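Keep in mind it's a predicted model, so treat the numbers as computed, not measured. Remember, it's 1-based here, ligands and their atoms both numbered in the order they're listed.
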Amino acid sequence: MTDITNQTQAALAAIAAATSLNALEAQRLDTLGKKGWVSLALKTLGGMSPEQRAAAAPAIQTARADIAAALDARKAALETAELEARLARETIDLTLPAAPAPRGSVHPVSQVMDELAEIFADLGFAVATGPEIEDDWHNFTALNMDETHPARAMHDTFYFPDKSGDGKDILLRTHTSPVQIRSMLAQGAPIRLIAPGRVYRSDSDATHTPMFHQVEGLVVGRDIHLGHLKWTLETFFKAFFEREDIVLRLRPSYFPFTEPSVEVDVGYSTEGGRRVVGGHGDAPGHAWMELGGSGMVNRRVLEFAGIDPDEYQGFAFGLGIDRIAMLKYGMNDLRAFFDGDPRWLQHYGFSPFDQPTLAAGVGAKA
Ligand code: FA5
């Protein structure tokens with residue numbers, strides 16, 4: 001009797017002192033578990049005479065009931081305490097930015113487009129846009145490439161199966177040059193604009209992708225000549241690459257929509273497997289890389305666009321944005337630009353807080 005009372009007191013004290021659900025479970029096993037002393041004591045009742053059983057049973061039953069009640073009460077108290085602690089620990093402040101810190105980054109193409117717009121805005125250029133789904137008149141005909149012109153075949157064009165309502169072929173624009181036509185028709189001369197955007201050609205290797213980006217430049221005025229073109233491109237590239245030793249080579253070329261036409265190459269060297277822009281392409285350890293085409297706007301194009309070629313002249317250029325992004329930021333495979341691999345974006349992407357400004361330098365600091 002006294003034994004059971006003492007044991008019960010000790011068990012109740014241990015239960016009250018249990019500070020975790022695990023410690024409490026250990027107490028339950030010790031007492032009410034299959035091999036716990038209360039269960040074993042209950043078992044002994046079976047072997048007793050009715051009188052002995054009547055004398056011993058109440059104390060054991062009481063011990064079992066008291067211990068069971070104490071276990072339940074302590075369990076409830078511990079669970080409540082744990083819930084409260086968790087609630088206190090897990091408070092969230094909805095005014096804070098989502099955690100972990102925002103991971104999004106600006107794609108190098110978007111970054112370079114912002115940089116282009118910033119530099120050309122400083123030179124007084126507006127930014128124009130045009131549709132990516134074009135008709136063959138704006139993409140070819142008005143750019144002096146008539147139906148039989150070999151240049152139409154030179155561009156590997158994605159055509160749509162249906163024609164437009166007025167019988168024109170519909171295609172994905174192969175260059176940004178149709179924006180020249182649309183802008184001249186809409187606003188006439190004089191004009192000074194850039195038109196960055198996506199273009200499409202059936203083309204794919206490490207330096208060609210079926211979708212890529214160009215920036216078109218167009219300046220039309222009364223006394224515009226090739227010298228203005230060279231100065232503009234040189235000034236742009238010096239600001240863009242943030243160095244003074246940029247050397248451009250204008251190589252005679254042919255585009256139906258410019259006359260004369262010149263291809264623009266920039267001198268670079270290779271340091272540690274990375275192309276670094278700067279220096280004369282013919283200097284030892286240097287080479288030239290083609291960045292785009294340009295020239296004086298062909299008279300025929302001005303006529304198509306409703307501008308009198310005897311009164312106005314203009315220059316135009318078209319640069320591969322992806323190419324200049326690769327040169328500036330050191331990527332060597334163009335296809336990775338469009339894979340959407342988050343590891344590539346984390347490596348080459350830019351902070352959205354890093355806005356290109358001429359004052360702070362247009363180059364991103366990422
Ligand atoms: C043109 O697209 C002309 N419209 C450029 C132009 C504009 C000339 C105005 C004169 C006046 P071209 O096909 O060479 O030209 O392309 C221009 C630049 O786009 C190339 O120098 C290259 O940098 C880039 N480019 C061309 N094809 C691809 C491609 N598949 N992937 C990535 N970049 C390309």
Side-chain angles (χ1 to χ4, degrees), residues 108-109 112 116 128 130 132 134 138-140 142-145 149-158 171-184 191 193-220 224 226 228-230 232-233 236-237 240 248-266 268 275 277 288-302 305 313-328 331-338:
V109 169
V112 166
L116 289 169
E132 288 170 29
E134 256 302 0
H138 288 93
N139 196 80
F140 294 126
L143 289 162
N144 198 30
M145 291 181 250
H149 203 289
R152 287 200 187 212
M154 255 160 63
H155 294 290
D156 262 348
T157 308
F158 293 113
L171 44 86
L172 291 174
R173 68 178 180 189
T174 58
H175 50 178
T176 42
S177 300
V179 187
Q180 288 189 34
I181 305 298
R182 290 184 175 274
S183 304
M184 286 192 277
I191 210 164
L193 59 82
I194 57 163
R198 292 194 185 106
V199 301
Y200 302 83
R201 290 180 202 175
S202 183
D203 219 355
S204 191
D205 60 35
T207 52
H208 295 82
T209 49
M211 187 281 295
F212 60 101
H213 300 81
Q214 286 187 341
V215 58
E216 194 78 6
L218 175 67
V219 173
V220 178
I224 299 298
L226 212 56
H228 293 129
L229 167 65
K230 184 152 195 259
T232 304
L233 289 174
F236 162 67
F237 281 118
F240 180 75
L248 294 185
R249 179 177 73 172
L250 298 189
R251 197 162 27 85
S253 182
Y254 174 72
F255 296 101
F257 33 94
T258 45
E259 182 57 40
S261 301
V262 281
E263 221 126 14
V264 185
D265 300 335
V266 67
Y268 71 92
R275 287 173 168 179
V277 174
W288 297 106
M289 185 189 195
E290 177 197 313
L291 297 179
S294 63
M296 297 302 294
V297 181
N298 191 307
R299 292 175 60 87
R300 299 259 297 145
V301 174
L302 292 173
Q313 300 95 54
F315 70 74
F317 58 83
L319 307 170
I321 293 183
D322 317 271
R323 296 266 175 92
I324 62 177
M326 287 166 87
L327 263 186
K328 182 164 178 179
M331 309 84 169
N332 47 24
D333 193 331
L334 185 57
R335 289 165 295 197
F337 273 59
F338 311 116

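Listed by chain and residue number, nothing satisfies the side-chain hydrogen bond (donor to acceptor under 3.5 Å, both in side chains) test with N298 (two or more places apart in sequence, or in another chain). D322 is linked by a salt bridge (Lys or Arg N to Asp or Glu O under 4.0 Å) to nothing, counting only residues two or more places apart in sequence or in another chain.
Heavy-atom proximity to G292, at under 4.0 Å, picks out these atoms of ligand 1: 21 (O). For ligand 1 and R201, the ligand atoms under 4.0 Å from any heavy atom of the residue are 1 (C), 2 (O), 12 (P), 13 (O), 16 (O), 26 (C), 27 (N). Close contacts between ligand 1 and A316 involve ligand atoms 9 (C), 11 (C) [criterion: under 4.0 Å to a heavy atom]. Near Q180, the atoms of ligand 1 lying under 4.0 angstrom from a non-hydrogen atom of the residue are 9 (C). Close approach of ligand 1 to G320 is summarised as follows: ligand atoms under 4.0 Å from at least one heavy atom of the residue are 18 (C), 19 (O), 23 (O), 24 (C).
Ring geometry for H175 versus F257: interplanar angle over 60°, hence perpendicular rather than tilted (30 to 60°). Relative orientation of the F237 and F240 rings is perpendicular, given thresholds of 30° and 60° on the angle between their planes.
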Going through the distances and angles, do T209 and D203 end up as a side chain to side chain donor-acceptor pair (under 3.5 Å)? CA-CA 6 Å; T209 49; D203 219 355; over 6 Å; no
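Remark: R251 CZ is packed, more than 12 non-hydrogen atoms of other residues, nucleotides or ligands lying under 6.0 Å away.
For ligand 1, the polar-atom distance check finds an N/O of H175 within less than 3.5 Å of one of the ligand's N/O atoms. Considering both main-chain and side-chain atoms, D322 never comes within under 3.5 Å of ligand 1 through any nitrogen or oxygen pair. Note: no N/O pair closer than 3.5 Å links S294 and ligand 1 by distance alone.
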